[in-house]
Each structure stands twice: as structure tokens, then as C-alpha cells.
Amino acid sequence: MRRERSERHWPCDRQGAGRRWGLGAQPPGCCGVIRVFASDRHRGHDPEHEIEASGLQVPFEHPGRAEAIHAALAADQRFDVLEPRDAGTAVIEAVHEPGLVRFLASAWQDYQRDVKASHDVVPDVFAMPGLRDGMGGRGEPAAVAARLGYWCYETTTPLTAGSYDAARAAVDCAVAATDAVLGGEPLTYGLCRPPGHHAATALYGGYCFFNNAAIAATHAASAAGGRVAVLDVDYHHGNGTQQIFYERDDVLFVSLHGDPQRAYPYHTGYADETGAGRGRDATCNVPLPAGVEDDAYLASLDRALDVVDVFDPALLVVSLGVDTYVGDPMCDLALTTDGLGRCGAAVAALGRPLVVLQEGGYADEALGANVRSWLLGANARAAVRPA
Ligand code: SP5
Ligand code: ZN
């Protein structure tokens, strides 16, 4: 039987929330307007192609995605769209190897100088560990062509002239959304593009450079000293987030996704991956079969939310991919726009402050409506005061 979850946090209770985080009270104000953090700098990441399924294709992950979401939220008075501050690189290096940040900051320019002028920069030799089996590692190579395959693990994530700046802006959105929740907001949204959940400690790929959700969760855990959970509802397994937190017990990672037996990223996301060392049992994976519709998805989500509730996090970071939508051109689940709203409501019913960050979603014409539906579902549920 399903437990009734405790309901701890309400939009009108900003002073209470601020006290709980020890960060000073927010002025009591009207509730219900969702703060959205977005930046135009995402436009700098604009590959001409991605190499997928053994061919060149027009990118699924393109600037129009963020533009569509931005337009839908900016047109709705229930959202307040704000520009984030520069979060700096220390928050990134709390999660990623500094060498990855250094590489991404100059790789596109280095490649133009040393290899050839090319709009999209993609590795052609990957530093697979088996290449040096029995010989030990040699660390990061010197040549940019070799460094590409050292930091990147797949071919759908080209670097363009503005990719690094766009990735930094996505982190800025995530950190600003987190800071707003630490300051007492019950629900904020970071319109992160490029997305983040496939980026690991020392690897980028899967359209992701920096792991926005892991950076947000780490920032929140250290700012507030509390336990934090990441709930990943993107269609694809958040392999990067899982890897980053696999041995940590202060951050819970819970993910619902297409079964890796058929779905990208293939090598992670099985149900028997539950964490290691101190992080044992702080990872929870729910692989799903193809074709899952609203009701069945919500039943799985509810079980995942029970795991979150038992962990008792002070704050929840949601990796929100809407590639679970029935019309998504890349994926095979079947959620409706209305069903995504029900998912938002179910997550908000946990009664925890929510930092919602954009991951995937490739049905361009429905993206705005789907993200809006999820967020309004969460907001409506959070706005109902307990009796
Ligand atoms: C953030 C995010 O959603 N990243 C997803 C990256 C997925 N990239 C490759 C997916 C391969 C899917 N192949 C199936 C093609 C069906 N037309
Ligand atoms: Zn995805």
C-alpha cells in the first residue's frame, strides 16, 4: 500500500523554507509564479550534423529546442524568465575533472589551428581502456586530435565555436535555479541547453558537456549541508549523473528510462546498478519497456518517488527530459502532454523544494507545451495547502 507522503513545503511558506536552509528569510510575497532561468548563449552551440546510426544527420539537439521552450514559458504569466549570473568554474570543478573544463575551453580553437578548419569537431580515435590493457594509462595526450578522444566517448556531440560558452551558460542556469530554491523558492526551472546528464566526471557525450544536474545537486549539498536527491525522468539513462554520485551517500540518484538493452546509452541503467562503497543503495534504476503510457509510467514513477521519500532529501533536483513524449522522434515511450503534467504533480506531492533542469526532448512542436505542462502540474500540486 502506498504511504501518504509528508507535505513539508508550500509556496506561501517562504520564510519557513529560508529558515530551514539557514539562508535568511525571503520576503513573503505572492506565490505561484515559477522562476525560469534562461540564456541566449545556448545559441553558440549549433552543430551542422551529428553522427548517429552510422550516418550524418541533421541534429536532433539544436538551438530551436530551447527557443521553443523559452517562447512557451515567456508567453505565460505564470512564469518569470530571468537571466542567470555567471556561476564561475569552481562549481563545475566540484564535479568534473579540471582537465575536462580546460579542454573544452580551448578545444575548438586548438583544432582549427592544429588540424583543419571545420565547423563541427568530432573525435576519430577514442581512448578505449583496452588499447593499453596491461600497460597502464598514459594520461591526457598533448595533440588536440588525441585529446578529443580522451575526453569524449561518442559521436553525436560535436564541438562548435560557441559550444563551451553555451555549456557554461547552461551551468549558470542550473546554479541560478538552485540558488533561488536555496533562497526559499519552492520550485524553479533552469532552461539548460546543452543538456547535462550524460556527462561524467571526466567524459562528455550524449549532447552533454557539463552535468548541470550533478553540479546543481553538489552545489546544493555543500551550500546547505543537507541530503539531496536527483530524480532523472529523461527517456535516456543519466549515466553521467549516476557515475558522478555512484560512491556517494549524500546524493541519491533515481532514474526512470528506456531499458538499456535497447536504449542509448546502452552500457548503464540496469536495475542491478544500485551504488557502491558508501553509495551502496543510493542509486536506483527503473528500466522501462517500449510503449509505456501515462498510467503505467505514473505507477513506476510513484515507486521511484517512494525511494526518494525514504531518503528524505532537503531538496530534489529533477533532470526533466520530455523525450518520454508519445510524439518524440527518437524515443519509444508514449506519455501525453497531460500525462507529463500528472508526473509534475506527482513529484511535487513529495513536498520537497524542486530544482527542475532541462535535459532532452526532441518533438520540437510539442516541447513548449510539454515542459509547461510538467511545471504547471508541479506548481498546482505544490500550491494546494494541507488541510
Ligand atoms: C540528453 C539526451 O536526451 N541525450 C540523448 C542522446 C541520444 N543520442 C543518440 C540516440 C540514438 C537513438 N537511436 C534511435 C534512432 C531512432 N530513429
Ligand atoms: Zn534523453
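All ligand and atom numbering here is 1-based and tracks the order in the structure. We're numbering straight along the sequence, starting at 1.
Geometrically, ligand 1 and Tyr362 share a nitrogen or oxygen pair separated by less than 3.5 Å. Of the polar atoms of Tyr264, none of the N or O atoms is found under 3.5 Å from an N or O of ligand 1, judged by distance alone. The N/O atoms of Thr156, backbone and side chain alike, include none that comes under 3.5 Å of an N/O atom in ligand 1.
Assignment of Tyr235 to the shell around ligand 1 is not supported, since no heavy atom sits closer than 4.0 Å. Residue His197 places a heavy atom under 4.0 Å from ligand 1. Proximity of Gly206 to ligand 1 is established by a heavy-atom distance of less than 4.0 Å.
Close approach to Pro195 involves these atoms of ligand 1, each under 4.0 Å from a residue heavy atom: 1 (C). Which parts of ligand 1 touch Asp323 is read off a 4.0 Å heavy-atom cut-off, strictly below it: atoms 3 (O). Every atom of ligand 1 is numbered from 1 in the order shown, and the set under 4.0 Å from a heavy atom of Met330 is 7 (C), 10 (C), 12 (C).
Rounding to the nearest 0.5 Å gives a distance of 5.0 Å between CG of Leu252 and CZ of Phe311. Put simply, CG on Leu367 and CG on Asp328 are 8.0 Å apart, with the number rounded to the nearest 0.5 Å. The distance from atom CZ of Phe37 to atom OG1 of Thr178, rounded to the nearest 0.5 Å, is 9.5 Å.
Atom CE of Met128 is surrounded by 12 or fewer heavy atoms from other residues, nucleotides or ligands within 6.0 Å.
His236 contributes ND1 as its N, O or S atom closest to the Zn ion (ligand 2). Of all N/O/S atoms in Asp323, OD2 sits nearest the Zn ion (ligand 2). Considering just the N/O/S atoms of Asp234, the one nearest the Zn ion (ligand 2) carries the name OD1.
If you check each of Phe60, Tyr207, Tyr266 against atom 6 (C) of ligand 1, the one with the closest non-hydrogen atom is Tyr207.
If you look at Glu61 next to ligand 1, there are no close heavy atoms at all, none under 4.0 Å.
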Legend entry - Pair Leu256-Tyr297, side-chain contact (heavy atoms from CB on, under 4.5 Å): steps then yes or no: CA-CA 9 Å; Leu256 284 80; Tyr297 187 92; 3.8 Å; yes

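Asp232 and His257 share no donor-acceptor pair across their side chains, judged by distance under 3.5 Å alone.
Inter-residue side-chain proximity for Glu50 and Thr157 is flagged as unmet; no heavy-atom pair is nearer than 4.5 Å. Side-chain contact between Asp295 and Arg342 is present, with heavy atoms from C-beta onward closer than 4.5 Å.
Under the 30°/60° scheme for interplanar angles, the aromatic rings of His96 and Phe210 are found to be tilted.
Between Tyr362 and Tyr207, the ring center distance clears the sub-6.0 Å criterion.
Of all protein heavy atoms, the one closest to atom 13 (N) of ligand 1 is Glu52 OE2, 2.9 Å. Given atom 17 (N) of ligand 1, the protein heavy atom at minimum distance is Pro329 O, 3.9 Å.
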